[in-house]
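See structure below.
Residue indices begin at 1 and follow the sequence shown. Ligands are counted one by one from 1 in listed order, and the atoms in each one are counted from 1 as well. Note that the structure is predicted; figures quoted are calculated from it, not measured.
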Amino acid sequence: MADLLARLADRSAKVVVVGQGYVGLPVAMRAVAVGYRVVGFDLSPERIKSLEAGQSYVGDVSDEELRAALARGYRPTTDAGELVDFDVAVISVPTPLADGLPDLTFIEAAGATLAAHLRAGACVILESTTYPGTTEELLAPILEAGSGLQRGDYALGYSPERIDPGNPQFGFVNTPKVTSGINAASLAAVDGFFATLVDRTVPVGSTAEAELTKLLENTFRHVNIALVNEVAMFARELGVDVWRAIDAAATKPFGYMRFTPGPGVGGHCLPIDPSYLAWRVKQHLGHTFRFVELANDVNEHMPDYVHRRVTELLNRERKSVNGSRVLLLGLAYKRATSDWRESPSVVVAERLAASGALIELCDPYIADVNARQVPHPLVPFEPAVIAAADLVITLVDHPEFDPATIAANARLVFDAKGVLRGHTFVGEAL
Ligand SMILES: NC(=O)c1ccc[n+]([C@@H]2O[C@H](COP(=O)([O-])OP(=O)(O)OC[C@H]3O[C@@H](n4cnc5c(N)ncnc54)[C@H](O)[C@@H]3O)[C@@H](O)[C@H]2O)c1
């Protein structure tokens, strides 16, 4: 492994990033920026064409950054032949659920592709979120079967991604990166590589520890969001303002972390990752991971809860959902991002449309909904558009959604995200 460490030090190493999505593209950009030769490999011809044209589809990577990387030699490609002679390969392919079960076919395919080019002394790093055991039990045998190499001939590790799309404070470089390897030499290679990309690495004792770290972080978030969502529903029944209670609790300088209620959870992580851990626990130990099941149950029902509250609110105004013009503010799964995979806003729109509401969607981060066949018009965030709706529902707290404009123009609001706190408006909060 000494050769590899030397090539990392002088940046002569060839780095390939398999999967150029929300996770893989920022890694590739950073690797180019610090001086490596970088190939961005992806199976999607559309994505590669867009990258070649200098057009980024990832919010955290600007077109300027992408074009600068292309000028420095970054090679986006669908051609697996370009992986030849790689020194470091990072795998950042999807890990979805299929019928509620982990679907590792993307990791298997990426491993098989890399194995054909894996040489002694090279390093493979898995970044995709997955259950503890994947790197050693699933990926290593695929790499070894395809390359003819054995443990010790090459380096293999796991390093979870902690990207927080749209976060202005913490990006790829200043977020500590957990690193691991299947043996000491692998850890040295994986940690050595990421130490050239980020401010601080956090080496841990095994790949399973690193895999569990990621799932622990996301399960923690999932469970705590479910907790405040359930508290919010009970607080309303008890006639208590949950938002003020949350603000007050957050003044405690130790032992409390602020989470806020909302219409549910979305994105590629929270609705999926905890189920990877629950599956592993069930498969290996036979136990049900009760916290995950409960959190899934609470968070998955939040769109239905929004639907019920909205129905009651319109009813009080002597209106029905059926025939009402309803403006949904925010389609993304979270603030300041264009990612609307698994977004609860889509479920809210479906539920209300099924009850006869005439839905309009407003999201300044999303230009096109046709690709995913969401049959509602996209409208701009403008006073006249807000005023024309019978009901406005805030589903995402995008910074562009000026609360004063909403409060001054909306005839009726259901504030599912606490956007209008501190403003006088007609309507209710979650
Ligand atoms: N998006 C996030 O915020 C985030 C954060 C942390 C971790 N993760 C995890 O990172 C992983 C990747 O997520 P993402 O959001 O980047 O997904 P994504 O869908 O945006 O990107 C994945 C890319 O991999 C490509 N791909 C699939 N199979 C391939 C193969 N065999 N060879 C080459 N390319 C292939 C796809 O075409 C796609 O472009 C997942 O495991 C996810 O859970 C995501």
query: Below 4.0 angstrom, N of the basic side chain to O of the carboxylate: do Arg7 and Asp87 qualify?
result: yes

Near ligand 1 (heavy atom, under 4.0 angstrom), the protein residues are Val18, Gly19, Gly21, Tyr22, Val23, Phe41, Asp42, Leu43, Ser44, Arg47, Ser92, Val93, Pro94, Thr95, Phe106, Ala109, Ala110, Ser128, Thr129, Glu161, Ile163, Pro165, Lys214, His268, Cys269, Arg341

Between the side chains of Asp339 and Thr337, does any donor sit under 3.5 Å from an acceptor? no

Worksheet item: Given the side-chain rings of His398 and Tyr365, with only the six-membered ring counted for Trp, is the space between their centroids under 6.0 Å?
Response: yes

Between Phe259 and Phe220, what is the ring plane arrangement, given parallel below 30°, perpendicular above 60°, and tilted in between? perpendicular

(message) Please determine whether a side-chain nitrogen of the Lys or Arg among Arg421 and Asp247 lies less than 4.0 Å from a carboxylate oxygen of the Asp or Glu.
(response) yes

Rounded to the nearest 0.5 Å, the CE atom of Met302 sits from the CG atom of Leu395 at a distance of 11.0 Å

